[in-house]
Amino acid sequence: MTTHFSYPDANLRHELKRIADAIVAPGKGILAADESVATMGKRLADINVENTDENRRKYRQLLFTTDKCLAENVSGVILFHETLYQNHDDGTPFVKLIRDKGIIPGIKVDKGVVPLMGSESETTTQGLDDLSQRCAQYKKDGCDFAKWRCVLKITENTPSYQAMLENANVLARYASICQMNGLVPIVEPEVLPDGTHDLERAQKVTEKVLAFVYKALSDHHVYLEGTLLKPNMVTAGQSCPTKFNAAEVAKATVQALSRTMPAAVPGVTFLSGGQSEEEATVHLDAINRCKAAKKPWALTFSYGRALQASVLRAWQGKDENIKQAQDELIKRAKANGAAAQGMYEWGSCKGFAADAGLFIKDHAY
Ligand code: 13P
């Protein structure tokens, strides 16, 4: 066993912790706007907008020119590579627009999932090879944090030992490379909601997956105070015949985290994982109200679909709808900001797509 190792030096530790703490400041969370070109294409197709560079740029411009009050509830935004290097109509780089609002830019650095040979359709995530150079460049270009998503599936025989071990290890390698380059790694082991499994099975799988992840982060000497976790909430499978209420989801989620996640980690930024906007807000609120276990970390949001569904529907690709779409974003961010403090009044935030199901089978991001 190796017990001789170093954490990053004091300056770097300070920088990483400062960023991580700022992202999970009370009442704040992340807007995940890091959809790949293909995924953005699906979102745009839903509102009959063609998937061109220019339309993706116009949509992201809508997000990033939202009134600066957005920063009261949004501390960070995750970008896709293409978006990081796009500009406003007037030539201002998006990354400057975001920073000037007091919002921290982040970047998706994984390169998607690939099959694990011999497994039952399980995957790992690729992108390590040139990661250090990319992280160094992203830091220079204004990013302070990164995201890498791994995916685990619940079936009768999965997740397998192979998938849990490999995904935990690749997340740990990613996290250490980010920290070396001054980026806070958001560690995202997503247990997918596909399937008929119940809440108890989802909880047990999430606990095991997180235990693997924190063992690997320790093995790689990752400085936990300068990381964030982006897990799934513990929910029953989409096709589970039994329905569980928000208090039950909250209890299962908080228990799973308390059993596996060190108190040194500043916070959890949950993904929405196909929940409707309102469901994702109510669940986050219930999690923050839950007293079933100790919660020594901030518990907030890093939502993609559950922050953008109403925005997209309100926009419809039309300039005259931009203001209305931006108002939807502000409303939902406020609701989630309240939920991150256990202060959301359930049902009070009505939106264009508040209750619409956002589940996508076998979801890729
Ligand atoms: P959803 O909130 O749409 O699940 O996505 C968040 C994300 O960043 C997934 O990687």
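As the structure lists them, so they are numbered: ligands from 1, and atoms in each ligand from 1.
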Could you go through ligand 1 and note, for every N or O atom, any protein N or O atom closer than 3.5 angstrom, writing the atom names and distance to 0.1 Å, or 'none'?
residue, atom, partner, partner atom, Å
ligand 1, 2 (O), Ser272, N, 2.9
ligand 1, 2 (O), Ser272, OG, 2.5
ligand 1, 2 (O), Gly304, N, 2.8
ligand 1, 3 (O), Arg305, N, 2.8
ligand 1, 3 (O), Arg305, NE, 2.8
ligand 1, 4 (O), Gly273, N, 2.7
ligand 1, 4 (O), Arg305, NH2, 3.0
ligand 1, 5 (O), Tyr365, OH, 3.3
ligand 1, 8 (O), Lys147, NZ, 2.7
ligand 1, 8 (O), Lys230, NZ, 2.6
ligand 1, 10 (O), Lys147, NZ, 2.3
ligand 1, 10 (O), Glu188, OE1, 3.1
ligand 1, 10 (O), Glu188, OE2, 2.9

Q) Are Pro105 and Asp144 side-chain neighbours, meaning at least one heavy-atom pair lies under 4.5 Å? A) no

**Asked** Do Lys334 and Glu72 meet the salt-bridge criterion of a basic N to acidic O distance under 4.0 Å?
**Response** yes

Those residues at least two apart in sequence (or on a different chain) that pass salt bridge (charged side-chain N to carboxylate O under 4.0 Å, His left out) with Lys153 are Asp362

Given the options Arg56, Lys42, Arg60, Glu35 meets salt bridge (Lys or Arg N to Asp or Glu O under 4.0 Å) only with Arg60

Applying salt bridge (charged side-chain N to carboxylate O under 4.0 Å, His left out) to Lys111 and not counting sequence neighbours gives Asp130

Identify every side-chain donor-acceptor pair in residues 21-29 under 3.5 Å, counting partners at least two apart or on other chains, and give the distances.
residue, atom, partner, partner atom, Å
Asp21, OD2, Lys17, NZ, 2.7
Lys28, NZ, Ala71, O, 3.4

